[in-house]
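Note on naming: letters A, B, ... go to the chains in the order of the sequence lines (proteins, then strands), and numbering restarts at 1 for each one. Side-chain atoms are counted along with the backbone in the values below, which use heavy atoms only and exclude waters and symmetry mates.
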Protein chains: 2
Amino acid sequence: MSWSGRLSLAPPTLADVAERAGVSRQTVSNAVNNPELLRPDTLARVQDAINELGYLPNRAARNLRTRASHMIGLKFNPAQEGTANAAMDRFVHTLVETSGESGYHILLFSDTTDDPLGGYDDLLRSTAVDAFIVTDTYLGNPQAAWLTAQRAPFVAFGRPWDNPRASHAWVDVDGAAGTELATRHLLDKGHTRIAWIGWRKDSFIGEDRRSGWARAMHERDLPTTGLASRVEDTVASGRDAASALLDEAHPSAFVCASDTLAMGVLHALGDRGIYWGKDVAVVGFDDSQVAQVVPGGLTSVRQPLEQVAVELVKALEGLLSTPPVMGPGVLLSPTLAVRMSSG
Amino acid sequence: MSWSGRLSLAPPTLADVAERAGVSRQTVSNAVNNPELLRPDTLARVQDAINELGYLPNRAARNLRTRASHMIGLKFNPAQEGTANAAMDRFVHTLVETSGESGYHILLFSDTTDDPLGGYDDLLRSTAVDAFIVTDTYLGNPQAAWLTAQRAPFVAFGRPWDNPRASHAWVDVDGAAGTELATRHLLDKGHTRIAWIGWRKDSFIGEDRRSGWARAMHERDLPTTGLASRVEDTVASGRDAASALLDEAHPSAFVCASDTLAMGVLHALGDRGIYWGKDVAVVGFDDSQVAQVVPGGLTSVRQPLEQVAVELVKALEGLLSTPPVMGPGVLLSPTLAVRMSSG
DNA sequence: GGCGGCTTCTGGATCGTTCCAACGTGAGGA
DNA sequence: TCCTCACGTTGGAACGATCCAGAAGCCGCC
């Protein structure tokens, strides 16, 4: 039943329902928010009225009174053109669904200026959102510290690398475990000369992922010197790095910090007429769409983004409850999507 | 200057600013919303007070009074796994930026149920959003008709294919022009046997894109019979279709309705040891990340998604102004991103 | 029957903003 | 001097929900 068929344009209010049910406004409010306070027969009468009128609480009024917006702010960082990293998609979808089940909606914003704090401040001060989900926790990003100082509730996707004593809630994926998984997979296939192509040294995430590769190699007493390269996250860089490694270190397999770099390796192999998967194995990171549809398929470490979203919402619910409950950081394990590029 | 440094936890209100500036609340409100009503010296005094206190209007209160939320609802449809279609990303980013400049925020939602109207109704009735942007205008989707019946303001990304007399605002990309561009590009390269792989016949968008290919072919008096295939939008379907066409019609080039299908063609060519770009040319549709990073690069029709977002916001602004202004539908032209797969 | 104690329900106040009607002020004309 | 008029400014009411204190109803117990 919908109010849209009625003559009046305005949606029904609490008072309309109260009048129809023959009770006071407060009783209707209780029926909606604290049904257990009502006598069963009263509750039934009120709910009938609600259904007949198609009543739904006005969010603005509720927000004003409760000083909460039931919105969660998310800065939308688009994937860079020419890279394979469109993981945002899968993540955001689950985030929207999960938060919706908890009564929260996702509000997107972006920084128009170069200021990494752009957008956060305005939304917070205008009480447009109750909390934030912060995703870009790269080195030196001041968001976490700033939000903490503002006492703004937020949860981070990503560990506080540069401040181990940071007190905010976070959820992250164990990148080292992912590359270790990838490297072991290649070792089990019989490879011994496994190269690493990752990001520049100032990337905590890159170094973390690299450590997984190194750990798996050292575990089997295999050397890593001369087998690692650290470059920018572009296809061209990956291609150049792979080319240099092929010339100098003759690896039979590559583990990469991203699918973008892995695609660079495929380029380099293609340049030399080497078949990937058969002659040389390649593993990427992110299980992007590119990994899934490239001819043959690219083996790739898959982050449990759906699970990350669920954990983030869970943490936010704790943070926004009264009294606030703060769980410890959550570290999830990735899996490996095996395709032809690794045999 | 921020209020966060102050002792009181609550943000400053209009009344606080009014007191500090020595004027009434309404005058502050006017300073914010209708500055031209104030005498310059009063305006300056009020603005000083606003800056000193770091005042920003409370959105809930404003929304309640003005009966508007300044939010735009967008149903977030995630790309399917295993396809190359992650165009949402580029589109959403510009949408967030553009709408932000007009004072609107993007609210994401998703349908938890199978009901295509899921989510729309609740948001509308609870006055959580002022309008919607509808993106999935596939055949038989009742959203547009339903929203029209509810008198809910909305703008569609996609033409009202199944109802040419639909009265709502829309923005779309001329798919036929895109495939025509692609086909001409191949014709200019000397190809004459150019095949088409598209979607099943019940897809209006698919048939539109197909018509561009057919038009370009007929323009040069080239045959199209036996050169077209209509399948599902998966890599495997594209591969099978390409394989069959290669056997039966011996095309030297393919134009596809999506990058996903084009990747299927690349698979089929790879299976036969045919070099794409050199022996057989391939053009996709969407300029996805896959097209950009696949070895050699896939030539692809690029939709002006940024421009679409801008036009959508422009149309929404008209719709939400008083009185509402409804422009005609807007049809934008795609471009062609040429890469190695077409020579 | 009267009275505390518990549940259930009520009316008024409140959140922070904008709408509305009315008010004070100063310039200009009679 | 008085009146008109326009401009700038003001206080009260309203938006629709929830919080709060208290009233009404109901129970059993003395």
Side-chain angles (χ1 to χ4, degrees), chain A residues 3 8-47 49-50 53-71 103 124-128 130 322, chain B residues 3 8-47 49-50 53-70 103 122 124-128 130 322:
Chain A
W3 51 269
S8 82
L9 235 77
T13 71
L14 208 64
D16 296 333
V17 178
E19 193 185 4
R20 183 166 193 122
V23 295
S24 75
R25 301 191 317 275
Q26 182 58 41
T27 302
V28 179
S29 176
N30 282 336
V32 174
N33 299 307
N34 304 88
E36 74 280 3
L37 290 179
L38 299 200
R39 225 170 33 208
D41 60 324
T42 314
L43 180 59
R45 209 166 71 243
V46 173
Q47 277 179 334
I50 288 179
L53 293 175
Y55 168 77
L56 228 60
N58 179 304
R59 294 185 69 102
R62 170 178 280 182
N63 293 348
L64 174 60
R65 188 63 246 232
T66 60
R67 301 168 163 283
S69 66
H70 297 278
M71 296 262 171
L124 200 57
R125 300 222 318 265
S126 65
T127 62
D130 292 344
T322 42
Chain B
W3 52 269
S8 81
L9 236 79
T13 70
L14 256 189
D16 297 332
V17 178
E19 194 185 1
R20 182 167 194 120
V23 295
S24 72
R25 300 190 318 275
Q26 181 58 38
T27 301
V28 179
S29 176
N30 283 336
V32 174
N33 300 307
N34 304 88
E36 73 281 3
L37 290 180
L38 299 200
R39 226 172 30 211
D41 60 324
T42 314
L43 180 59
R45 209 166 69 244
V46 173
Q47 278 180 334
I50 289 179
L53 293 177
Y55 168 76
L56 228 61
N58 179 305
R59 293 185 69 103
R62 170 177 279 183
N63 293 348
L64 173 60
R65 187 66 246 231
T66 60
R67 300 169 162 284
S69 67
H70 298 277
D122 289 356
L124 200 57
R125 299 219 322 262
S126 66
T127 62
D130 293 345
T322 44

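Side-chain atoms of B/R65 stay outside donor-acceptor range of the base of C/dT17, with no qualifying N/O pair under 3.5 Å. Donor-acceptor pairing under 3.5 Å, judged by distance alone, is absent between the side chain of B/R62 and the base of C/dT18.
With D/dT9, D/dG12, C/dG16 as the candidates, the nucleotide lying closest to the side chain of B/T42 is D/dT9. Of the listed nucleotides (C/dT17, D/dT18, D/dA17), C/dT17 has the atom at the smallest distance from the side chain of B/Y55. Which of C/dT10, D/dC15, D/dA17 sits closest to the side chain of A/V23 comes down to C/dT10.
OP1 or OP2 of D/dT10 has at least one side-chain nitrogen or oxygen of B/S24 nearer than 4.0 Å. A/S29 has a side-chain polar atom (N or O) that falls below the 4.0 Å cut-off from OP1 or OP2 of D/dT18. A sub-4.0 Å separation between OP1 or OP2 of C/dT18 and a side-chain N or O of B/N33 is present. Using a 4.0 Å cut-off, no side-chain N or O of A/R39 falls inside it from OP1 or OP2 of D/dG25.
Looking only at atom types and distance, the side chain of B/N33 has a donor-acceptor partner in the side chain of B/R62 under 3.5 Å away. When only modelled atom types and interatomic distance are considered, A/D130 and A/S69 share a side-chain donor-acceptor pair under 3.5 Å.
Contact of the A/I50 side chain with the A/V32 side chain is registered, since non-hydrogen atoms from C-beta on lie closer than 4.5 Å.
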